[in-house]
Amino acid sequence: MAMDKTFDASAAEKRIYDAWEASDAFKAGANKSRDETFTIMIPPPNVTGVLHVGHAFNNTLQDILVRWKRMQGYDTLWQPGQDHAGIATQLMVEKKLAADGLPKRAEMGRDAFLEKVWEWKAESGGTIIEQLKRLGASCDWSRNAFTMSGAPNAPEGEEGNFHDAVIKVFVKMYEDGLIYRGKRLVNWDPHFETAISDLEVENIEVDGHMWHFKYPLANGATYTYIEKDEDGVTILEEERDYISIATTRPETMLGDGAVAVHPSDERYASIVGKLCEIPVGPKAQRRLIPIITDEYPDKDFGSGAVKITGAHDFNDYQVAKRGGIPMYALMDTKGAMRADGRPYAEEAATAQAIVNGEETFDEAKIAAMNLVPEEYRGLDRFDARTRVIADITDEGLAVMHDVTRVEKNDDGEKVEVTETVPYVEAKKIMQPFGDRSKVVIEPALTDQWFVDTDKIVGPALDAVKNGDVTIMPESGEKVFYHWLENIEPWCISRQLWWGHQIPVWYGLDLASHGFTDDEGDGALDIVEMMGLLSRQTLLDGNEQHHAASTFDDVKDQFSNVMAKLPIPLSNARVVEVADKATAAHTLAECLAQYAMDQDPTKLVYPVWRDADVLDTWFSSGLWPFGTLGWPEQTPELDKYFPGDVLITGQDILFFWVARMMMMSQAVEGENPFHTVYLHQLVRDEKGEKMSKTKGNVVDPLVVVDEFGADALRFTMAQMAALGGVLKLSEDRIKGYRNFGTKLWNAFSFAEHYEIPNPGDTSMPVVSQTLNKWIIGETAKVRETVDHALTDYRFNDAANALYAFTWGKVCDWYLEFSKPILQGDDAAAKDETQKTLRWVLDQCLILLHPIKPFITEELWGLADSRAKMLVHADWPTYTAAGLVDAEADREMNWVINLIESVRSNRAQTHVPAGAKVPLLVQSLDAKGQSAWDNNHVLIQRLARIESLENVTDFPKGCVTIPMDGGTFGIPLEGLIDVPEEIARLEKSLGKLAKELGGLRGRLKNPKFVESAPEEVIAETRENLRLREDEEAQIKAAIARLQELG
RNA sequence: GGGUGAUUAGCUCAGUUGGUAGAGCGCUUCCUUUACACGGAAGAUGUCGGGAGUUCGAGCCUCUCAUCACCCA
């Protein structure tokens, strides 16, 4: 059966992939012939993900390494899987519910919603896996992991250990004091109504405005405001009864706790410590806030005075913390102005009392206060802004300035009109957006769980510093240090449903509620308990919490605390309820019941579980061991952890890499891998980010459809220079598709010449120079490829294979073999046939990690094979063992001569088909033997008719200087003499430049003194050759001139 | 504002202890010679972003400027 003209990738790829899978070719340990393991953990794509070029690139590199190591006989595992992508998945399912006209999430409730998510996952969650298969990814799919596996509500088929792992790690870290709960300013996504980490926030520069408002000083106080220029000359001096504040977010003024100025700012020094009025809200309850000093304000920015709204700005938060300024939260979870709490008049009065020092405050008290005046309550934050601006301006408290513009008056004449208008600067501001929701992120003061990263960052930092973990390229290390050395606490709670629910239960802190024993008799009497109930303080009070893997475990912890309470509470049974309100209600009810029947066995102590879930990256941080069965001590965990290499995008160095390192160290005390290979974002051919809005997105599957997976993979490998920018262009992919066809045609060549293809040939013992040479070249490229892959220089490996296969095997070896294959020397023919098959097999083996499909297909053409190519043995022969210096020299001489003759022919317009005679002068013995051995090849490929020894070249002869003799092509009458002279003179000019440099260096005594011996020798040799060349060209010109 | 990196042929990029620049694609010319036109042969194209310094010698090291990109504020 004749081979097809080209490789039909679309038809073959699926068939080949299925064959690999059917033979379990990718299973952990498949093709193992040694004990060393090689483990790569796939960076888990989102379960909602679809394959993009970034995945394609990333997974191609992983596959190259894995296939290479597997062929080398390592016990290889490429562990696949996906993460559950909390926000993205929840969003997707919510959208689907809406599209299907089903009840909303809140309407259907948590359990029903999660059921829907799992349903969605079963239907669509495997998309990206199928797509990775199309690329040829050789993961052990039987081990596919999922970060939500084993969750309590997981359906059949989703059993697994990940939930256990996550919960266990949380509890351990909680018990070790590495996780804590706190009220902190976090990035709040008002769309998803959840906290998100600062890494999930995109800061984008947008057109914004800066408004300038007057905060009147209390009690009509005034001061002299003096503005000076750079030279200290007064440019403005006026009496003011206000301080001017610039803000981009006027709606947050309602929560201001102070106005801050820089301590060195002379303009405001006289009013520091005084009070000023927030110029918004009902006139009767205008709040007064202090003017304080802090290092934060920039004297040159705005007015130099900054309003401090601790609960709504990260910088202000720090100032407020330093200054003990209350942080009033103004918004609800949706980003609307709060509508809860007491009437504004009462809240404002309390706030004023706090400022006046008449009332104390704590976090909880401040958090409960709502300082939004009634007229703004319930408004969206952006509507509130508009209203606040309008109200302040109406009241005349906006800073005004004059604007002059040209208008046409009633008569149509242009006139200048000057108006005094509010001073509003239009300016670019950096605004935070949720990377999923795309809405403006609101800093919000909320109770969240945090990992105390400061305490676990050390080992990760050390691992890189002491070289246990290498980050490539090296620049990644600097970035890594910089980030880890300035690490912020990691907020791990998310107000979502899709995720691992935090294993913490809360109970009312009865001790702090006055469940005290007035009589000191170790028991509470009815009066004491009823007194407590009547105070109705249960809901406002404090809580205590405990973490445990299960409710049963946590029950004991609560019981232990309860035991310290007076009888009969000490005997109350711990029960789980839905939430705090239910808990308070349940407790009150059972106490009331007890009051009637005095039956202590009916007393219960209700606790409720934290409703929030953990950040997806918390589970992803456990990926290196969670995928291997941890916390079970599985054989896989034992064997494949720690892994070897992590290949991932530079953009998730912090998101994920650092967290895996911290978590592996915190949990297992080991680094999860020894090498991190970071790559950049794949961009379009112009170097721009791919984005849907720009329409420059390259879909890797479309590329695969058009050019085949191998072409895409080879392109990816070829681009993968360490630290390089990745620009993907279709022309390139096309070029490498052509390379596949070239390889295909080399086999078609072998078929055409009817070369036997028994399969699995061993390296032939050869006597032909040609065969010795190509075997040596093969050994060289094998070494180059291994070195390149060892150093993660995928581009070098790809380029070396391209140059070898095309530039050596196809361009020269196959051409050279033709006369032998067609010739009568049976022994030479047999040897060459065997060598040719062997060399082609080596091409397949060495190319297989990069181009798995076409190579497997060609491999399968042999009569028989012991194994599929995916499991073929990777060669270990060396250049030292196989390169024959003499054969090398001779073949290079032949190639050189052929190229020179061709070049001269082409440049002197000898018709391509014409055969020309060749002359040679003073050919030495080596040259003669090289000619004798290879003249058939030379004559065929350079179209030479005959060789004649001459003592002098005739006039009009083009000369070819070679090592061991000078060749000449007599061209009298065939060439354009002036053109040829011009050509030679041009090369003479180039030579002269080179000669000048070489002579200059050698003449310089300092060069001869300080340069290494071999460099000097090389330079001398180079000079000698160039001078030789120059002489020959000059001689050639002279001969041509005689003609003219 | 801080950090990191980039700037080399028309385009996309290599260039590994500093020794005088390479590849692919594209382009020009020629060739349908029985593996391959997704091919073959030949060819042209670079003050290696600007400037300064170290050195016998700098694309590579140092400083500086410019432009661009990305990350973090």
Side-chain angles (χ1 to χ4, degrees), chain A residues 3 5-7 198-199 201-203 298 314-315 430 432 473-483 486 650-651 653-654 680-681 683-689 707 711 715 718-719 721-753 787-788 791 793 795-796 798-800 802-803 806-807 810-811 814-815 817-818 822 898-899 901-913 940-943 983 993-994 997-998 1000-1012 1014-1016 1018-1019 1022:
Chain A
M3 281 176 72
K5 207 167 152 54
T6 56
F7 175 56
D198 50 1
L199 293 170
V201 176
E202 287 173 9
N203 289 294
D298 177 350
F314 284 96
N315 290 311
M430 288 303 272
E474 215 177 325
S475 61
E477 297 189 354
K478 288 187 198 164
V479 179
F480 186 78
Y481 295 145
H482 187 258
W483 191 72
N486 299 290
Q650 203 179 42
D651 49 334
L653 178 62
F654 310 134
Q680 297 204 356
L681 212 68
R683 303 155 192 282
D684 74 0
E685 55 200 315
K686 293 187 198 109
E688 291 182 29
K689 251 182 171 173
F707 300 107
T715 310
Q718 203 279 339
M719 290 197 301
L722 266 172
V725 177
L726 307 171
K727 296 186 195 173
L728 186 64
S729 88
E730 194 174 289
D731 278 346
R732 235 163 188 222
I733 302 169
K734 198 160 128 192
Y736 293 118
R737 185 269 321 265
N738 295 353
F739 173 53
T741 305
K742 189 72 181 176
L743 178 69
W744 185 263
N745 277 310
F747 279 79
S748 150
F749 171 97
E751 190 194 45
H752 179 84
Y753 282 86
H787 286 144
D791 294 342
R793 297 195 321 262
N795 57 323
D796 286 353
N799 287 334
Y802 186 101
W806 199 317
C810 292
D811 284 352
L814 296 188
E815 290 299 330
S817 71
K818 281 178 184 174
Q822 291 164 335
I898 293 169
E899 285 186 330
V901 173
R902 280 174 172 173
S903 175
N904 279 288
R905 288 173 55 120
Q907 298 211 20
T908 52
H909 309 302
V910 175
R940 180 188 181 113
L941 294 179
R943 300 211 146 244
R983 185 174 77 88
K993 229 170 121 185
E994 273 187 72
L998 291 167
R1001 268 197 281 166
L1002 287 167
K1003 268 187 205 155
N1004 185 336
K1006 283 191 179 167
F1007 172 71
V1008 184
E1009 272 167 42
S1010 44
E1014 64 270 20
V1015 172
I1016 297 169
E1018 202 183 304
T1019 310
N1022 210 346

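It should be emphasised that the depicted structure is a prediction, and the values quoted were computed from it without experimental measurement. The chains referred to below are lettered A, B, ... by the order of the sequence lines, with proteins before strands, and numbering in each begins at 1. All heavy atoms count here, side chains included; hydrogens, waters and symmetry mates do not.
Separation of the C1' atoms belonging to B:rA6 and B:rG59 is 14 Å when rounded to the nearest angstrom. Taking the C1' atoms as reference points, B:rA9 lies 12 Å from B:rC25, given to the whole Å. Taking the C1' atom of each, B:rC48 and B:rC60 are spaced 10 Å apart, rounded to whole Å. Taking the C1' atom of each, B:rG3 and B:rA42 are spaced 50 Å apart, rounded to whole Å. Distance check on atom P: B:rU62 versus B:rU54 gives 15 Å, rounded to whole Å. If you take atom P in B:rA69 and the same atom in B:rU12, they sit 15 Å apart, rounded to whole Å. Across B:rU64 and B:rU4, the matching P atoms stand 13 Å from one another, rounded to whole Å. One C1' atom belongs to B:rG46, the other to B:rA14, and the distance between them is 15 Å to the nearest Å.
The NZ atom of A:K1006 sits 9 Å away from the C1' atom of B:rU55 (whole-angstrom rounding). The CG atom of A:N795 sits 12 Å away from the P atom of B:rU16 (whole-angstrom rounding). If you measure from atom CG of A:N799 to atom C1' of B:rC25, you get 13 Å, rounded to the nearest angstrom. Between the CZ atom of A:R793 and the P atom of B:rG15 there is a distance of 9 Å, rounded to whole Å.
Along RNA chain B, the nucleotide nearest A:Y802 and the nucleotide nearest A:N315 are compared for position; the residue whose nucleotide lies closer to the 5' end is A:Y802.
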Nucleotides 18-20 of chain B: which of its N/O atoms have a protein N/O under 3.5 Å away?
from, atom 1, to, atom 2, distance (Å)
B:rU20, O4, A:R1001, NE, 2.8
B:rU20, O4, A:R1001, NH1, 3.4

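Distance check, rounded to the nearest 0.5 Å: CD of A:Q718 to CD1 of A:I733 gives 11.5 Å. The structure places NE2 of A:H752 at 13.0 Å from CE of A:M3, a figure rounded to the nearest 0.5 Å. Here the CG atom belonging to A:N904 is positioned 12.0 Å from the CD atom belonging to A:E899, to the nearest 0.5 angstrom. Rounding to the nearest 0.5 angstrom, the gap separating the CG atom in A:N745 from the CD atom in A:E751 is 10.5 Å.
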Worked check of side chain to side chain contact (heavy atoms under 4.5 Å, CB included) between A:Y753 and A:S817: CA-CA 10 Å; A:Y753 282 86; A:S817 71; over 6 Å; no
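Taking the side-chain hydrogen bond (donor to acceptor under 3.5 Å, both in side chains) definition, one finds that A:N315 meets it with A:Y296, sequence neighbours left out. Taking A:A746 as the reference, A:C810, A:L814, A:L840 meet the side-chain contact (heavy atoms from CB on, under 4.5 Å) condition, with sequence neighbours excluded. By the salt bridge (charged side-chain N to carboxylate O under 4.0 Å, His left out) test, A:K818 pairs with A:E815, sequence neighbours left out.
Looking at RNA chain B, the stems built from 3 or more consecutive Watson-Crick or G-U wobble pairs, each pair with its key distances under 3.5 Å, are B:1-7 with B:66-72, B:10-13 with B:22-25, B:27-31 with B:39-43, B:49-53 with B:61-65.
Here the side chains of A:L941 and A:R902 are in contact, with some heavy-atom distance below 4.5 Å.
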Sugar-phosphate or base contact per nucleotide [nucleotides 27-43 of chain B; S, B, -; heavy atom under 4.0 Å]: -------SBBSBSSSSS
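Counting only distance, with no hydrogens or angles, the side chain of A:R905 and the backbone of A:R943 share a donor-acceptor pair below 3.5 Å.
For the pairing with A:Y736, the ring-ring contact (aromatic ring centres under 6.0 Å, His included) check across A:F707, A:W806, A:Y802 returns one residue only, A:Y802.
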